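Here the structure comes first, spelled out in C-alpha coordinates, and everything after it is commentary.
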Amino acid sequence: MGRIVMKFGGTSMAGSERIRRVANIVRRQQAAGHEVAVVVSAMAGETDRLVGFCREANPLYDPAEYDVVVASGEQVTSGLLALTLQALGCKARSWLGWQLPIHTDDAHAKARIGEIDSNALLASMAAGEIAVIPGFQGVTDDNRITTLGRGGSDTSAVAVAAAIGADRCDIYTDVDGVYTTDPRIVAKARKLKYVTYEEMLELASVGSKVLQTRSVSLAMKEGVRVQVLSSFIDDDAAPADAIPGTMIVSDEELEGIDMERQLITGIAADKNEAKVILTRVPDRPGAVATIFGPLAAANINVDMIIQNVGRDKGETDVTFTVPGADLLRAQTLLEAQKEAIGFNRIITDGKVAKISVVGVGMKSHAGVAATMFRALADRGINIQAISTSEIKVSVLIDEDETELAVRVLHTAYDMDAKDEAA
Ligand code: ADP
Ligand code: ASP
Ligand code: MG
(Lines give C-alpha, C1' and ligand atoms only; values in the text may rest on other atoms or scores of the structure.)
(Ligands and ions follow the chains in the order given, each with its own letter.)
Protein backbone atom coordinates (compact mmCIF):
# COMPACT_ATOMS: atom_id res chain seq x y z
CA MET A 1 0.00 0.00 0.00
CA GLY A 2 1.40 3.34 -1.00
CA ARG A 3 0.59 6.89 -1.82
CA ILE A 4 0.46 7.76 -5.52
CA VAL A 5 0.00 10.99 -7.46
CA MET A 6 -1.50 10.46 -10.93
CA LYS A 7 -1.41 13.29 -13.49
CA PHE A 8 -3.50 13.29 -16.67
CA GLY A 9 -2.70 15.64 -19.57
CA GLY A 10 -5.05 17.52 -21.89
CA THR A 11 -5.54 14.82 -24.51
CA SER A 12 -6.40 12.32 -21.78
CA MET A 13 -9.07 14.69 -20.37
CA ALA A 14 -10.64 15.77 -23.68
CA GLY A 15 -14.32 14.89 -23.34
CA SER A 16 -16.63 12.80 -21.17
CA GLU A 17 -15.64 9.46 -22.64
CA ARG A 18 -11.92 10.03 -22.03
CA ILE A 19 -12.59 11.32 -18.52
CA ARG A 20 -14.48 8.07 -17.88
CA ARG A 21 -11.44 6.14 -19.06
CA VAL A 22 -9.27 8.19 -16.70
CA ALA A 23 -11.69 7.60 -13.82
CA ASN A 24 -11.41 3.85 -14.40
CA ILE A 25 -7.60 4.00 -14.31
CA VAL A 26 -7.79 6.00 -11.07
CA ARG A 27 -10.30 3.62 -9.54
CA ARG A 28 -8.07 0.64 -10.38
CA GLN A 29 -5.08 2.31 -8.75
CA GLN A 30 -7.09 2.88 -5.59
CA ALA A 31 -8.40 -0.70 -5.68
CA ALA A 32 -4.75 -1.86 -5.72
CA GLY A 33 -4.60 -0.46 -2.18
CA HIS A 34 -3.11 3.00 -2.71
CA GLU A 35 -4.06 6.42 -1.42
CA VAL A 36 -4.57 8.47 -4.56
CA ALA A 37 -4.31 12.13 -5.52
CA VAL A 38 -5.04 13.05 -9.13
CA VAL A 39 -3.77 16.19 -10.91
CA VAL A 40 -5.55 17.12 -14.13
CA SER A 41 -4.95 19.40 -17.12
CA ALA A 42 -7.61 21.33 -19.01
CA MET A 43 -9.12 19.55 -22.02
CA ALA A 44 -6.76 19.60 -25.03
CA GLY A 45 -7.00 22.93 -26.85
CA GLU A 46 -8.88 24.65 -24.03
CA THR A 47 -5.95 26.66 -22.66
CA ASP A 48 -5.12 27.93 -26.18
CA ARG A 49 -8.77 28.94 -26.61
CA LEU A 50 -8.76 30.86 -23.32
CA VAL A 51 -5.45 32.57 -24.16
CA GLY A 52 -7.09 33.66 -27.44
CA PHE A 53 -9.97 35.29 -25.56
CA CYS A 54 -7.50 37.23 -23.39
CA ARG A 55 -5.70 38.52 -26.49
CA GLU A 56 -8.99 39.56 -28.08
CA ALA A 57 -10.11 41.34 -24.91
CA ASN A 58 -6.89 43.29 -24.54
CA PRO A 59 -3.67 42.63 -26.49
CA LEU A 60 -1.65 44.08 -23.61
CA TYR A 61 -3.43 41.92 -21.08
CA ASP A 62 -2.82 42.15 -17.33
CA PRO A 63 -1.15 38.80 -16.42
CA ALA A 64 -3.12 38.60 -13.17
CA GLU A 65 -6.44 38.64 -15.06
CA TYR A 66 -5.00 36.32 -17.74
CA ASP A 67 -4.38 33.82 -14.92
CA VAL A 68 -7.99 34.11 -13.74
CA VAL A 69 -9.14 33.21 -17.24
CA VAL A 70 -6.71 30.43 -18.18
CA ALA A 71 -6.85 28.68 -14.78
CA SER A 72 -10.53 27.97 -15.41
CA GLY A 73 -9.84 25.12 -17.86
CA GLU A 74 -8.46 22.96 -15.07
CA GLN A 75 -11.28 23.90 -12.70
CA VAL A 76 -13.73 22.37 -15.17
CA THR A 77 -11.85 19.09 -15.63
CA SER A 78 -11.18 18.61 -11.90
CA GLY A 79 -14.88 18.93 -11.12
CA LEU A 80 -15.82 16.66 -14.01
CA LEU A 81 -13.38 13.96 -12.94
CA ALA A 82 -14.64 14.10 -9.34
CA LEU A 83 -18.22 13.75 -10.64
CA THR A 84 -17.25 10.84 -12.90
CA LEU A 85 -15.45 9.05 -10.05
CA GLN A 86 -18.52 9.51 -7.89
CA ALA A 87 -20.65 8.00 -10.66
CA LEU A 88 -18.39 4.93 -10.48
CA GLY A 89 -19.09 4.67 -6.75
CA CYS A 90 -15.81 6.18 -5.54
CA LYS A 91 -15.48 8.84 -2.87
CA ALA A 92 -13.87 11.83 -4.56
CA ARG A 93 -13.64 15.60 -4.23
CA SER A 94 -11.88 18.43 -6.04
CA TRP A 95 -9.32 20.73 -4.37
CA LEU A 96 -8.81 23.97 -6.26
CA GLY A 97 -5.41 25.67 -6.05
CA TRP A 98 -6.61 28.16 -3.42
CA GLN A 99 -8.35 25.47 -1.38
CA LEU A 100 -5.32 23.26 -0.79
CA PRO A 101 -3.70 25.84 -0.92
CA ILE A 102 -0.81 25.73 -3.42
CA HIS A 103 1.16 28.89 -2.56
CA THR A 104 3.10 30.56 -5.36
CA ASP A 105 5.00 33.79 -5.90
CA ASP A 106 3.24 36.59 -7.79
CA ALA A 107 5.01 36.12 -11.16
CA HIS A 108 1.70 35.75 -12.98
CA ALA A 109 1.59 33.40 -15.99
CA LYS A 110 4.89 31.81 -14.88
CA ALA A 111 4.52 31.55 -11.12
CA ARG A 112 6.73 29.35 -8.97
CA ILE A 113 5.35 27.08 -6.29
CA GLY A 114 6.50 27.76 -2.75
CA GLU A 115 4.66 25.73 -0.17
CA ILE A 116 1.69 23.41 -0.31
CA ASP A 117 -0.37 22.96 2.84
CA SER A 118 -1.20 19.30 2.55
CA ASN A 119 -2.63 18.42 5.98
CA ALA A 120 -6.30 18.56 4.99
CA LEU A 121 -5.51 16.75 1.75
CA LEU A 122 -3.70 13.96 3.56
CA ALA A 123 -6.54 13.53 6.06
CA SER A 124 -9.07 13.26 3.24
CA MET A 125 -6.93 10.75 1.33
CA ALA A 126 -6.41 8.68 4.46
CA ALA A 127 -10.20 8.52 4.79
CA GLY A 128 -10.39 6.87 1.38
CA GLU A 129 -11.38 9.94 -0.60
CA ILE A 130 -9.73 10.45 -3.99
CA ALA A 131 -8.32 13.98 -4.22
CA VAL A 132 -8.71 15.66 -7.60
CA ILE A 133 -6.48 18.71 -8.04
CA PRO A 134 -6.50 21.09 -11.01
CA GLY A 135 -2.97 21.40 -12.35
CA PHE A 136 -1.36 24.62 -13.58
CA GLN A 137 -2.81 26.85 -10.83
CA GLY A 138 -1.86 28.29 -7.47
CA VAL A 139 -2.55 31.29 -5.28
CA THR A 140 -0.43 34.23 -4.11
CA ASP A 141 -0.09 35.38 -0.51
CA ASP A 142 -2.67 38.08 -1.24
CA ASN A 143 -5.11 35.54 -2.65
CA ARG A 144 -4.75 36.14 -6.38
CA ILE A 145 -4.95 33.14 -8.71
CA THR A 146 -1.71 32.30 -10.55
CA THR A 147 -0.70 29.86 -13.27
CA LEU A 148 2.63 28.10 -13.67
CA GLY A 149 3.46 28.54 -17.36
CA ARG A 150 2.40 26.35 -20.27
CA GLY A 151 2.65 22.64 -19.55
CA GLY A 152 2.66 23.51 -15.84
CA SER A 153 0.39 20.69 -14.66
CA ASP A 154 3.41 18.37 -14.71
CA THR A 155 5.02 20.68 -12.16
CA SER A 156 1.82 20.79 -10.07
CA ALA A 157 1.84 16.98 -9.95
CA VAL A 158 5.48 16.71 -8.90
CA ALA A 159 5.03 19.46 -6.30
CA VAL A 160 2.00 17.70 -4.79
CA ALA A 161 3.93 14.40 -4.81
CA ALA A 162 6.81 16.05 -2.95
CA ALA A 163 4.46 17.73 -0.45
CA ILE A 164 2.62 14.54 0.48
CA GLY A 165 5.68 12.29 0.32
CA ALA A 166 4.19 10.17 -2.48
CA ASP A 167 5.84 6.89 -3.38
CA ARG A 168 5.52 7.73 -7.07
CA CYS A 169 4.24 10.42 -9.41
CA ASP A 170 2.74 8.85 -12.54
CA ILE A 171 2.44 11.25 -15.49
CA TYR A 172 -0.21 9.82 -17.83
CA THR A 173 -0.12 11.20 -21.36
CA ASP A 174 -0.85 10.30 -25.00
CA VAL A 175 2.39 8.32 -25.55
CA ASP A 176 3.45 5.31 -23.47
CA GLY A 177 6.74 6.72 -22.23
CA VAL A 178 9.75 8.85 -23.04
CA TYR A 179 11.21 7.94 -26.42
CA THR A 180 14.61 8.49 -27.99
CA THR A 181 12.91 11.31 -29.89
CA ASP A 182 9.35 12.52 -30.49
CA PRO A 183 7.62 9.34 -31.74
CA ARG A 184 5.30 11.55 -33.78
CA ILE A 185 8.28 12.69 -35.87
CA VAL A 186 10.34 9.51 -36.05
CA ALA A 187 8.40 6.27 -36.39
CA LYS A 188 11.51 4.30 -35.46
CA ALA A 189 11.96 6.12 -32.13
CA ARG A 190 12.57 3.68 -29.28
CA LYS A 191 10.86 3.80 -25.92
CA LEU A 192 13.29 4.19 -23.03
CA LYS A 193 12.74 2.11 -19.90
CA TYR A 194 14.80 4.56 -17.86
CA VAL A 195 16.13 8.04 -18.30
CA THR A 196 18.14 9.99 -15.72
CA TYR A 197 16.87 13.23 -14.15
CA GLU A 198 19.85 15.04 -15.66
CA GLU A 199 19.12 13.77 -19.18
CA MET A 200 15.38 14.39 -18.90
CA LEU A 201 16.05 17.91 -17.64
CA GLU A 202 18.28 18.60 -20.61
CA LEU A 203 15.83 16.99 -23.07
CA ALA A 204 12.91 18.98 -21.66
CA SER A 205 14.83 22.24 -21.71
CA VAL A 206 15.82 21.79 -25.36
CA GLY A 207 12.28 21.11 -26.50
CA SER A 208 10.95 17.62 -25.62
CA LYS A 209 7.60 18.76 -24.37
CA VAL A 210 6.67 15.43 -22.83
CA LEU A 211 7.50 16.92 -19.38
CA GLN A 212 7.67 20.58 -18.39
CA THR A 213 11.31 21.44 -17.57
CA ARG A 214 10.49 22.72 -14.10
CA SER A 215 8.72 19.51 -13.18
CA VAL A 216 11.94 17.61 -13.84
CA SER A 217 14.18 19.97 -11.86
CA LEU A 218 11.72 19.84 -8.97
CA ALA A 219 11.57 16.03 -9.08
CA MET A 220 15.36 15.91 -9.11
CA LYS A 221 15.66 18.30 -6.20
CA GLU A 222 12.98 16.61 -4.10
CA GLY A 223 13.83 13.03 -5.11
CA VAL A 224 10.32 12.37 -6.47
CA ARG A 225 10.02 9.10 -8.42
CA VAL A 226 8.39 9.97 -11.74
CA GLN A 227 6.97 7.57 -14.33
CA VAL A 228 5.71 8.68 -17.78
CA LEU A 229 3.04 6.32 -19.15
CA SER A 230 -0.03 6.18 -21.38
CA SER A 231 -3.63 6.80 -20.38
CA PHE A 232 -4.82 5.23 -23.64
CA ILE A 233 -4.81 1.66 -22.34
CA ASP A 234 -7.20 -1.29 -22.18
CA ASP A 235 -8.59 -2.69 -18.95
CA ASP A 236 -6.21 -5.65 -19.12
CA ALA A 237 -3.07 -3.50 -19.59
CA ALA A 238 -0.20 -3.89 -17.13
CA PRO A 239 -0.88 -1.89 -13.94
CA ALA A 240 1.16 1.27 -13.31
CA ASP A 241 2.86 -0.47 -10.36
CA ALA A 242 4.50 -2.86 -12.86
CA ILE A 243 6.21 0.22 -14.41
CA PRO A 244 5.02 -0.16 -18.01
CA GLY A 245 6.20 3.37 -18.88
CA THR A 246 9.50 5.21 -18.51
CA MET A 247 11.00 5.76 -15.04
CA ILE A 248 13.09 8.85 -14.38
CA VAL A 249 15.95 7.68 -12.17
CA SER A 250 19.16 8.99 -10.64
CA ASP A 251 22.49 8.40 -12.33
CA GLU A 252 23.56 6.01 -9.57
CA GLU A 253 20.35 4.02 -9.83
CA LEU A 254 20.76 3.66 -13.58
CA GLU A 255 24.36 2.52 -13.31
CA GLY A 256 23.13 -0.37 -11.20
CA ILE A 257 20.49 -1.34 -13.78
CA ASP A 258 22.01 -0.65 -17.16
CA MET A 259 25.72 -1.24 -17.62
CA GLU A 260 25.57 -0.97 -21.41
CA ARG A 261 24.38 2.61 -21.70
CA GLN A 262 23.86 4.15 -25.07
CA LEU A 263 26.04 7.11 -25.88
CA ILE A 264 23.06 9.27 -26.88
CA THR A 265 19.82 9.06 -24.93
CA GLY A 266 17.61 11.35 -26.94
CA ILE A 267 17.21 13.93 -29.67
CA ALA A 268 14.95 16.97 -29.33
CA ALA A 269 13.81 19.69 -31.69
CA ASP A 270 12.65 23.18 -30.77
CA LYS A 271 11.02 25.42 -33.36
CA ASN A 272 10.35 28.20 -30.88
CA GLU A 273 13.74 29.87 -31.18
CA ALA A 274 14.56 32.93 -33.28
CA LYS A 275 17.92 34.11 -34.54
CA VAL A 276 19.27 37.65 -34.23
CA ILE A 277 22.40 38.93 -36.00
CA LEU A 278 23.96 42.28 -35.15
CA THR A 279 26.44 43.30 -37.84
CA ARG A 280 29.60 45.35 -37.42
CA VAL A 281 29.64 45.49 -33.64
CA PRO A 282 32.81 47.23 -32.35
CA ASP A 283 35.35 44.54 -31.43
CA ARG A 284 36.35 45.88 -28.03
CA PRO A 285 35.94 44.93 -24.35
CA GLY A 286 32.43 45.65 -23.08
CA ALA A 287 30.68 45.62 -26.47
CA VAL A 288 28.99 42.30 -25.88
CA ALA A 289 27.94 43.35 -22.38
CA THR A 290 26.05 46.31 -23.82
CA ILE A 291 24.07 43.88 -26.02
CA PHE A 292 23.16 41.25 -23.45
CA GLY A 293 22.77 43.47 -20.38
CA PRO A 294 19.51 45.07 -21.54
CA LEU A 295 18.13 41.72 -22.75
CA ALA A 296 18.80 40.13 -19.36
CA ALA A 297 17.21 43.10 -17.59
CA ALA A 298 14.09 42.56 -19.73
CA ASN A 299 14.02 38.88 -18.71
CA ILE A 300 14.75 37.69 -22.26
CA ASN A 301 16.64 34.40 -22.25
CA VAL A 302 19.51 34.30 -24.70
CA ASP A 303 20.51 30.78 -25.65
CA MET A 304 23.11 30.22 -28.39
CA ILE A 305 25.72 32.92 -28.93
CA ILE A 306 28.37 33.25 -31.62
CA GLN A 307 30.80 36.10 -32.02
CA ASN A 308 32.23 35.87 -35.49
CA VAL A 309 35.90 36.39 -36.27
CA GLY A 310 36.67 40.10 -36.10
CA ARG A 311 36.79 41.94 -39.40
CA ASP A 312 39.90 43.97 -40.20
CA LYS A 313 38.43 47.27 -39.05
CA GLY A 314 37.97 46.16 -35.46
CA GLU A 315 34.38 45.08 -36.05
CA THR A 316 32.63 41.78 -35.59
CA ASP A 317 29.19 40.20 -36.15
CA VAL A 318 27.34 38.82 -33.13
CA THR A 319 24.70 36.11 -33.64
CA PHE A 320 22.43 34.75 -30.92
CA THR A 321 19.04 33.15 -30.33
CA VAL A 322 16.09 34.19 -28.16
CA PRO A 323 12.66 32.57 -27.64
CA GLY A 324 10.50 33.32 -30.71
CA ALA A 325 7.85 34.89 -28.47
CA ASP A 326 10.42 37.46 -27.28
CA LEU A 327 11.87 38.32 -30.70
CA LEU A 328 9.91 41.51 -31.25
CA ARG A 329 10.68 42.78 -27.77
CA ALA A 330 14.38 41.95 -28.18
CA GLN A 331 14.50 43.72 -31.53
CA THR A 332 12.84 46.84 -30.16
CA LEU A 333 15.20 46.92 -27.18
CA LEU A 334 18.30 46.53 -29.34
CA GLU A 335 17.17 49.16 -31.86
CA ALA A 336 16.77 51.56 -28.94
CA GLN A 337 20.34 50.80 -27.87
CA LYS A 338 21.76 51.02 -31.40
CA GLU A 339 23.98 53.93 -30.65
CA ALA A 340 25.24 52.66 -27.31
CA ILE A 341 26.09 49.24 -28.79
CA GLY A 342 27.38 50.70 -32.03
CA PHE A 343 26.16 48.00 -34.44
CA ASN A 344 25.31 48.62 -38.07
CA ARG A 345 22.32 46.40 -38.84
CA ILE A 346 20.02 44.00 -37.04
CA ILE A 347 18.92 40.91 -38.99
CA THR A 348 16.34 38.52 -37.54
CA ASP A 349 15.06 35.10 -38.59
CA GLY A 350 12.18 33.32 -36.84
CA LYS A 351 12.29 30.35 -39.23
CA VAL A 352 14.99 28.40 -37.44
CA ALA A 353 14.99 25.26 -35.32
CA LYS A 354 17.34 24.03 -32.66
CA ILE A 355 18.19 20.33 -32.81
CA SER A 356 19.88 18.85 -29.74
CA VAL A 357 21.39 15.47 -28.96
CA VAL A 358 21.55 14.58 -25.26
CA GLY A 359 23.27 11.80 -23.32
CA VAL A 360 25.35 11.42 -20.16
CA GLY A 361 27.60 9.07 -22.15
CA MET A 362 29.05 12.18 -23.81
CA LYS A 363 30.91 13.01 -20.62
CA SER A 364 33.33 10.19 -21.32
CA HIS A 365 33.22 9.91 -25.13
CA ALA A 366 34.65 12.17 -27.79
CA GLY A 367 33.29 12.47 -31.31
CA VAL A 368 29.59 13.04 -30.62
CA ALA A 369 29.60 16.51 -32.17
CA ALA A 370 31.71 15.39 -35.11
CA THR A 371 29.20 12.63 -35.92
CA MET A 372 26.40 15.19 -35.78
CA PHE A 373 28.10 17.67 -38.10
CA ARG A 374 29.06 14.94 -40.61
CA ALA A 375 25.57 13.43 -40.70
CA LEU A 376 23.94 16.84 -41.28
CA ALA A 377 26.54 17.82 -43.89
CA ASP A 378 25.95 14.59 -45.82
CA ARG A 379 22.31 15.62 -46.21
CA GLY A 380 23.18 19.19 -47.15
CA ILE A 381 21.77 20.65 -43.93
CA ASN A 382 23.50 23.91 -43.06
CA ILE A 383 24.44 24.64 -39.44
CA GLN A 384 23.90 28.28 -38.44
CA ALA A 385 25.02 28.14 -34.81
CA ILE A 386 26.30 25.59 -32.32
CA SER A 387 26.21 25.31 -28.54
CA THR A 388 27.29 22.56 -26.18
CA SER A 389 27.05 21.53 -22.55
CA GLU A 390 28.57 18.58 -20.75
CA ILE A 391 25.80 16.25 -21.91
CA LYS A 392 24.35 18.05 -24.95
CA VAL A 393 25.22 19.35 -28.40
CA SER A 394 22.77 21.72 -30.11
CA VAL A 395 22.75 23.13 -33.63
CA LEU A 396 20.58 25.78 -35.21
CA ILE A 397 19.22 24.97 -38.68
CA ASP A 398 16.50 26.07 -41.12
CA GLU A 399 13.10 25.23 -39.63
CA ASP A 400 12.00 23.45 -42.83
CA GLU A 401 14.74 20.85 -42.27
CA THR A 402 13.71 19.95 -38.70
CA GLU A 403 12.10 16.58 -39.34
CA LEU A 404 14.79 15.51 -41.79
CA ALA A 405 17.58 16.46 -39.39
CA VAL A 406 16.03 14.57 -36.46
CA ARG A 407 15.56 11.43 -38.59
CA VAL A 408 19.08 11.62 -40.00
CA LEU A 409 20.64 12.00 -36.55
CA HIS A 410 18.51 9.24 -35.07
CA THR A 411 19.96 6.91 -37.68
CA ALA A 412 23.49 8.33 -37.45
CA TYR A 413 23.70 7.52 -33.73
CA ASP A 414 22.31 4.04 -34.40
CA MET A 415 19.20 4.69 -32.34
CA ASP A 416 16.52 3.36 -34.72
CA ALA A 417 14.33 0.59 -33.34
CA LYS A 418 15.61 -2.64 -34.88
CA ASP A 419 12.49 -4.75 -34.70
CA GLU A 420 10.19 -2.43 -36.56
CA ALA A 421 9.59 -2.39 -40.26
CA ALA A 422 11.24 0.55 -42.00
P1 ADP B 1 0.04 16.21 -22.08
O2 ADP B 1 -1.11 16.94 -22.71
O3 ADP B 1 -0.34 14.85 -21.60
O4 ADP B 1 0.75 17.02 -21.04
P5 ADP B 1 2.08 16.84 -24.03
O6 ADP B 1 1.53 17.09 -25.38
O7 ADP B 1 2.49 17.99 -23.20
O8 ADP B 1 1.06 15.90 -23.27
O9 ADP B 1 3.34 15.85 -24.14
C10 ADP B 1 3.23 14.61 -24.82
C11 ADP B 1 3.80 14.75 -26.22
O12 ADP B 1 5.20 14.99 -26.14
C13 ADP B 1 3.71 13.52 -27.09
O14 ADP B 1 2.46 13.45 -27.75
C15 ADP B 1 4.88 13.65 -28.05
O16 ADP B 1 4.47 14.12 -29.32
C17 ADP B 1 5.76 14.73 -27.42
N18 ADP B 1 7.16 14.34 -27.28
C19 ADP B 1 8.23 15.13 -27.63
N20 ADP B 1 9.37 14.48 -27.41
C21 ADP B 1 9.07 13.27 -26.89
C22 ADP B 1 9.85 12.15 -26.45
N23 ADP B 1 11.18 12.16 -26.49
N24 ADP B 1 9.20 11.07 -25.97
C25 ADP B 1 7.85 11.06 -25.91
N26 ADP B 1 7.06 12.08 -26.32
C27 ADP B 1 7.65 13.19 -26.81
N1 ASP C 1 -3.46 23.43 -19.54
C2 ASP C 1 -2.14 24.02 -19.40
C3 ASP C 1 -1.47 24.13 -20.76
O4 ASP C 1 -2.04 23.74 -21.75
C5 ASP C 1 -1.28 23.27 -18.43
C6 ASP C 1 -1.00 21.84 -18.78
O7 ASP C 1 -1.78 21.21 -19.49
O8 ASP C 1 0.00 21.30 -18.31
O9 ASP C 1 -0.38 24.65 -20.83
MG1 MG D 1 2.30 18.52 -21.17
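As the structure lists them, so they are numbered: ligands from 1, and atoms in each ligand from 1. All values below come from the heavy atoms of this structure, side chains included, with hydrogens, waters and symmetry mates left out. Numbering of residues begins at 1 and proceeds along the displayed sequence. Given the structure is predicted, the values throughout are model-derived calculations rather than measurements.
Checking only distances, G10 does come within under 3.5 Å of ligand 1, N or O to N or O. Considering backbone and side-chain atoms alike, D154 places every N or O at 3.5 Å or more from each N or O of ligand 2. The distance criterion of under 3.5 Å between nitrogen or oxygen atoms is met by G151 with respect to ligand 2. Of the polar atoms of T180, none of the N or O atoms is found under 3.5 Å from an N or O of ligand 1, judged by distance alone. Here's the thing with D154: none of its N/O atoms is less than 3.5 angstrom from an N/O atom of ligand 1.
Y179 N, 2.9 Å is the protein heavy atom nearest to atom 24 (N) of ligand 1. For atom 25 (C) of ligand 1, the closest non-hydrogen atom of the protein is G177 O, 3.4 Å. Protein heavy atom closest to atom 6 (C) of ligand 2, with residue, atom name and distance, is S153 OG, 3.3 Å.
Enclosure of atom NZ in K110 is not indicated, since only 12 or fewer non-hydrogen atoms of other residues, nucleotides or ligands lie within 6.0 angstrom. Summarising the local packing, CZ of R112 is surrounded by 12 or fewer heavy atoms from other residues, nucleotides or ligands at distances under 6.0 Å. Counted within 6.0 Å of CG on L328, heavy atoms from surrounding residues, nucleotides or ligands total 12 or fewer; the atom is thus considered open. Other residues, nucleotides and ligands place no more than 12 heavy atoms under 6.0 Å from the CD atom of E115. No more than 12 heavy-atom neighbours from other residues, nucleotides or ligands sit within 6.0 angstrom of NZ on K221.
Heavy-atom separations between E46 and ligand 2 are all 4.0 Å or longer. In this structure, S153 falls outside the shell of residues with a heavy atom less than 4.0 angstrom from ligand 1. Ligand 2 is never approached by G135 to a heavy-atom distance shorter than 4.0 Å. At least one heavy atom of G152 sits less than 4.0 Å from an atom of ligand 2. By the 4.0 Å heavy-atom criterion, P183 is counted among the residues contacting ligand 1. Ligand 1 has K7 within reach: a non-hydrogen atom of the residue lies less than 4.0 Å from it.
The parts of T173 lying near ligand 1 are both backbone and side chain, judged by heavy-atom distances below 4.0 Å. With a 4.0 Å heavy-atom cut-off, ligand 1 is reached by the backbone of K209 and by its side chain too. Contacts between V228 and ligand 1, counted as non-hydrogen atom pairs separated by less than 4.0 Å, are absent for every part of the residue.
Of the candidates D235, D234, D236, D241, R28 forms a salt bridge (charged side-chain N to carboxylate O under 4.0 Å, His left out) with just one, namely D235.
Relative orientation of the Y172 and F8 rings is parallel, given thresholds of 30° and 60° on the angle between their planes.
Every atom of ligand 2 is numbered from 1 in the order shown, and the set under 4.0 Å from a heavy atom of R150 is 3 (C), 4 (O), 9 (O). Listed by number with element, the atoms of ligand 1 under 4.0 angstrom from any heavy atom of V178 are 24 (N). Listed by atom number, the atoms of ligand 2 under 4.0 Å from S41 heavy atoms are 6 (C), 7 (O), 8 (O).
Donor-acceptor pairing under 3.5 Å is lacking for the side chains of D251 and T196.
Side chain of D154 to main chain of Q212: a donor-acceptor pair is present (N/O by atom type, distance under 3.5 Å, no hydrogens or angles).
Scanning D176, L211, D174 for the heavy atom closest to atom 11 (C) of ligand 1 points to D174. In the candidate list V186, D182, V210, D182 is nearest to atom 16 (O) of ligand 1, counting heavy atoms.
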Evaluate D174 against R184 for side chain to side chain contact (heavy atoms under 4.5 Å, CB included), listing each step before the verdict. CA-CA 11 Å; D174 54 6; R184 297 185 197 285; 3.1 Å; yes

Derivation and outcome, side-chain hydrogen bond (donor to acceptor under 3.5 Å, both in side chains), residues R27 and N24: CA-CA 5 Å; R27 178 171 65 167; N24 267 309; 2.9 Å; yes

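To the nearest 0.5 angstrom, T265 atom OG1 is 7.5 Å from I391 atom CD1.
A salt bridge links R144 to E65: at least one charged side-chain nitrogen sits closer than 4.0 Å to a carboxylate oxygen.
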